[in-house]
Each structure stands twice: as structure tokens, then as C-alpha cells.
Asker: 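Before I ask anything, here is the structure I am working with.
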Amino acid sequence: SAVISQKPSRDICQRGTSLTIQCQVDSQVTMMFWYRQQPGQSLTLIATANQGSEATYESGFVIDKFPISRPNLTFSTLTVSNMSPEDSSIYLCSATPASGGTDTQYFGPGTRLTVL
Amino acid sequence: SQQGEEDPQALSIQEGENATMNCSYKTSINNLQWYRQNSGRGLVHLILIRSNEREKHSGRLRVTLDTSKKSSSLLITASRAADTASYFCATDEGNTGKLIFGQGTTLQVKP
């Protein structure tokens, strides 16, 4: 299994500002992903965080709004840029362990973002 | 886009009763995973069932998969108040590792 931590756990931000969320995994993983969960909704994939290269974004999400970094196998960041109240959501990172031959995807505790 | 449809959307039962949640999906899958989420926190992984498996158990949890009907069910036996949470199914998208989530079922277990 993999234990995933995220920082911050929650934040309240002013519109127009940016917030960077950190995701740390306790073991090497192959895949890392970022999801968004809007209030009362299910999870939607934002992007796949690729180690050492640009992230792969899903339809409706762009790099200028959600820049992502993944400098190594266990760490990734997601920045929510130029925030508006519509960005208020829970942001979750996930990862698939490199060992064990399983496709199980583990999730971090989430970052609850409120934009005023 | 959302692939999974879950029903019911909400379920309220008494402690000790069984809870069944269903998930349907649209495309071929390699596996299907069930997760639990307590009060908007992170997702806890419950079970992964592969496309060549029909049933899997873990403690009080039983998951079935019917690939011909593109559906899965999660059964929680002898429910407890602590089982109160939202439950999501998620299917993989090809070999990309990406997960597509259902809308979720909100379960309330009354003591």
C-alpha cells in the first residue's frame, strides 16, 4: 500500500490569488493523479502528473489554471491559479504503488479549498 | 465524464441491517474499485475486483462484478454507525491508470 499526505489540509483564499498543494507519498509510485471534487459531487480527474515532464490534462482543465509539477517518484504539486469562488472544492492526489503488482489507487486526505 | 451510475443515491438503514449499493458502467474495464469517503475527507480504498473475478470478500464487505451487465454491487453486512459515509465505485480507463468515478451512494446507518 501507499500512505499519501497532502498539505495544506484546508485553506481559505481570496479570489485572484494562487494556492499550491503538495502531495507526498511514502513509497515509490508509478502513477500520480490529481482530482477535484466540487461540493456535493463526485471526483473528476484533473490531470496525470508525469515525472520530469509536463502533466497530461483532461478535457476542461488547462496548464495555465492548474500547473502541476512532479520532480521525482514520490512528490507532486498542484497549483490552483487566479482563483475564483468556482474553484472552491476538495483537491485530492492519488497514486499507484510501483511494487506489488496491483492497480490499486490510493488517495491522500484531500485539501479543502474555499475561495472568497 | 462520469462513467459510473450508482444507485441508490442515498440509503438510510438501522444498525445491524445489510446495505447494498449498485454501480453500472459503460465501457470495458480491467478492474473496478470501491472507495469510502467520510464527510468530505480523503478516499479510503475498500476493494479492487478484476474483470475476470466475479466476487470478492473483505471482512463485512462483499463485492460482485457482472461484466456482461457492466455492473457491480457492494454489500456491507451487519452495518454499524461507523459505516456512515459516501461510497464510490471507480473504473479504470484502459491501461492509463485513470479512474472514472460514479456519482456515489450516501449511506446513513442509524444507531
Side-chain angles (χ1 to χ4, degrees), chain A residues 1-10 21 23-25 29-51 55-61 88-98 100-114, chain B residues 1-10 21 23-53 56 58 61 63 65 85-107:
Chain A
S1 67
V3 178
I4 302 175
S5 60
Q6 285 184 233
K7 289 195 296 187
S9 59
R10 59 176 60 223
I21 302 167
C23 176
Q24 179 72 55
V25 190
V29 295
T30 53
M31 314 283 289
M32 292 185 77
F33 303 91
W34 287 96
Y35 291 81
R36 180 177 74 182
Q37 185 178 28
Q38 295 177 298
Q41 302 295 314
S42 186
L43 282 75
T44 300
L45 180 65
I46 298 172
T48 303
N50 299 310
Q51 189 210 348
T56 305
Y57 290 85
E58 298 300 303
S59 175
F61 298 96
S88 296
S89 297
I90 299 173
Y91 292 86
L92 301 104
C93 72
S94 70
T96 303
T102 177
D103 299 323
T104 299
Q105 196 165 126
Y106 297 95
F107 282 78
T111 296
R112 183 183 291 272
L113 171 63
T114 302
Chain B
S1 62
Q2 297 296 327
Q3 160 149 261
E5 297 290 331
E6 293 186 59
D7 83 275
Q9 290 189 332
M21 289 158 266
C23 166
S24 61
Y25 56 92
K26 297 175 183 174
T27 62
S28 298
I29 61 171
N30 294 317
N31 62 65
L32 184 147
Q33 304 185 57
W34 283 92
Y35 292 87
R36 184 185 74 227
Q37 185 179 41
N38 292 84
S39 299
R41 299 173 64 86
L43 270 67
V44 174
H45 186 268
L46 297 176
I47 287 184
L48 179 151
I49 186 165
R50 299 195 182 281
S51 59
N52 61 354
E53 297 175 311
K56 222 169 173 180
S58 177
L61 307 180
V63 168
L65 179 64
S86 293
Y87 292 82
F88 295 91
C89 68
T91 54
D92 64 320
E93 185 175 283
N95 291 314
T96 65
K98 302 177 189 179
L99 293 182
I100 303 174
F101 281 82
Q103 293 300 318
T105 294
T106 300
L107 173 65

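Everything quoted here is computed from the prediction, not taken from an experiment. A note on names: the letters A, B, ... follow the listed sequences, proteins ahead of strands, and every chain is numbered from 1.
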Asker: Check the pair B:D92, A:D103 against side-chain contact (heavy atoms from CB on, under 4.5 Å), reporting the backbone distance first and the verdict last.
Answerer: CA-CA 9 Å; B:D92 64 320; A:D103 299 323; over 6 Å; no
Asker: If only atom types and distance count, is the side chain of A:S42 paired as donor or acceptor with the main-chain N or O of B:G104 below 3.5 Å?
Answerer: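 Checking the backbone N and O of B:G104 against the side chain of A:S42, no donor-acceptor pair under 3.5 Å is found.
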Asker: How long is the gap from CG on A:L45 to NZ on B:K98, to the nearest 0.5 Å?
Answerer: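 Here the interatomic distance stands at 6.5 Å.
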Asker: Which region of B:T96, side chain (C-beta onward) or backbone (N, CA, C, O), has a non-hydrogen atom less than 4.5 Å from a non-hydrogen atom of chain A, or is it both or neither?
Answerer: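 The backbone, not the side chain.
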Asker: With a sphere of 6.0 Å drawn around CD of B:Q9, does it hold more than 12 non-hydrogen atoms of other residues, nucleotides or ligands?
Answerer: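 No.
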Asker: Hey, can you tell me if A:F107 and B:F101 have their rings parallel, tilted or perpendicular (30° and 60° cut-offs)?
Answerer: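 If you compare the ring of A:F107 with that of B:F101, the planes turn out perpendicular.
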Asker: With the side chain counted from C-beta on, respond yes when A:F33 and B:L99 share a heavy-atom pair under 4.5 Å apart, and no when they do not.
Answerer: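 Counting from C-beta outward, A:F33 and B:L99 never come under 4.5 Å.
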Asker: Taking all atoms of both residues into account, what is the closest heavy-atom pair of B:F88 and A:Q41, and its distance?
Answerer: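 Shortest heavy-atom separation between B:F88 and A:Q41 comes out as CZ-O, 4.5 Å.
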Asker: Nearest 0.5 angstrom please: A:T44 OG1 to B:I100 CD1, how far?
Answerer: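 Taking OG1 in A:T44 and CD1 in B:I100, the distance rounds to 10.5 Å.
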Asker: Please check: side-chain N/O of B:Q33 versus main-chain N/O of A:Q105, any donor-acceptor pairing under 3.5 Å?
Answerer: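 Side chain of B:Q33 to backbone of A:Q105, a donor-acceptor pair under 3.5 Å: yes, one is there.
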Asker: Below 4.5 Å from any heavy atom of chain B, which atoms of A:E58 appear? Answer side chain, backbone, both or neither.
Answerer: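 Contact with chain B: side chain only.
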